[in-house]
Amino acid sequence: MALMFTATASIKKAVGIINDLASSKFPLLLNRILQKLHLKDERTFSEEEEEKLQSTFELSAPDLELVLETLEFILQQAAYHTAKPAVLTGQLRQLEIDDDKVQAIVEKWTSCAKETVQKLRERTLVPKQLEAVNWRLNLQMAQSNKTKLKSPNALFELQVSEESSEEKEKIRIEFSHDELYKFYSQLEVIQRQVDGLS
């Protein structure tokens, strides 16, 4: 398996802080991070909760932020690599994380891995999703300087929804015959590539 973690200066600093955390409360911290790992743009803890954590673990705000970011990164990497417990244990030990913390991380990961990976797979990469497509064809018969003109075009209305909002946005696109054919050809290429990945 590929190396999941590199011992950067910030990770080394975070490891030192993690090793000093109270072992009894550490699994609760991991549990909450795993519950929220799949949510984009949402903080794991509210500001009020972070203040409580600072006093509970006796950490400054920047140190707490570093610990949370590092633990999120570790768990995201475990999810990305669908890490087996033995591999995760070995790689965490290489970072010089204390055995009690390694055991807590691996136990939480093992119990939540399937659900976490599934939630991350369902998460979208982009905030907007296509909901519906409406279309119609038009035939332009004349212009001010041309009396005999046959110019077909296709009008598309894409209904797009945003993850964080109930509102649906409508995007209108017009294609000439040639433009529509080029677009269709590009979609065919994309479809072949998607089929190749499946």
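Model, not experiment: these values are computed from the prediction.
We find the CD-CG distance between E72 and L30 to be 11.0 Å, quoted to the nearest 0.5 Å. The distance from atom CG of N153 to atom CG of N138, rounded to the nearest 0.5 Å, is 5.0 Å. Here the straight-line distance linking atom CZ of R136 with atom CD of E174 works out to 9.0 Å at 0.5 Å rounding. Atom CD of Q35 is separated from atom CD of E115 by 8.5 Å, given to the nearest 0.5 angstrom. Between the CG atom of N19 and the CG atom of L95 there is a distance of 10.0 Å, given to the nearest 0.5 Å. Taken from CD in E169 to OG in S161, the straight-line distance is 10.0 Å, to the nearest 0.5 Å.
Sparse packing is recorded around CD of E96, with 12 or fewer heavy atoms of other residues, nucleotides or ligands lying under 6.0 Å away.
Across all their heavy atoms, T6 and I11 have their closest contact at O-CD1, 3.3 Å. When all heavy atoms are compared, the tightest approach of I97 to V102 is O-CG2, 3.4 Å. What you find for L29 and L21 is that their closest heavy atoms are CD2-CD1, 4.4 Å.
Counting heavy atoms from C-beta outward, R32 and E49 have side chains that approach closer than 4.5 Å. Under the 4.5 Å side-chain criterion, counting only non-hydrogen atoms from C-beta, T116 is not in contact with L75. Residues E50 and L68 are in side-chain contact: their nearest non-hydrogen atoms beyond the backbone lie under 4.5 Å apart. Within the 4.5 Å cutoff, the side chain of F5 has no heavy atoms near those of the T70 side chain.
Scanning for ring-ring contact (aromatic ring centres under 6.0 Å, His included) contacts around F183 gives F175, with sequence neighbours left out. A search for salt bridge (Lys or Arg N to Asp or Glu O under 4.0 Å) contacts involving E157 returns R172, not counting sequence neighbours. For D99, the salt bridge (Lys or Arg N to Asp or Glu O under 4.0 Å) criterion is met by R93, not counting sequence neighbours. Residues that satisfy the side-chain contact (heavy atoms from CB on, under 4.5 Å) test with Y80, not counting sequence neighbours, are absent from this structure.
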Give every donor-acceptor pair under 3.5 Å between a side-chain atom in residues 56-67 and any protein atom, sequence neighbours left out.
unit_1 : atom_1 : unit_2 : atom_2 : d
T56    : OG1    : K52    : O      : 2.8
S60    : OG     : D63    : N      : 3.3

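A continuous path of Ile, Leu, Val, Met, Phe, Trp and Tyr side chains, each step under 4.5 Å between heavy atoms, connects L180 with W135, placing both in one hydrophobic cluster. When the side chains of ILVMFWY residues are joined at heavy-atom separations under 4.5 Å, either directly or via intervening members, L137 and L158 end up in a single hydrophobic cluster. Note on Y184: it does not cluster hydrophobically with I173, by side-chain heavy-atom contacts below 4.5 Å among ILVMFWY residues. By the rule that hydrophobic residues join a cluster once side-chain heavy atoms approach within less than 4.5 Å of another member, L155 and V133 end up as members of separate clusters. Y181 and V189 are not part of a single hydrophobic cluster, where members link through side-chain heavy atoms under 4.5 Å apart.
Residues in residues 100-111 take part in these side chain to side chain donor-acceptor pair (under 3.5 Å) pairs, two or more places apart or across chains: S23-D100, S23-K101, Q103-E107.
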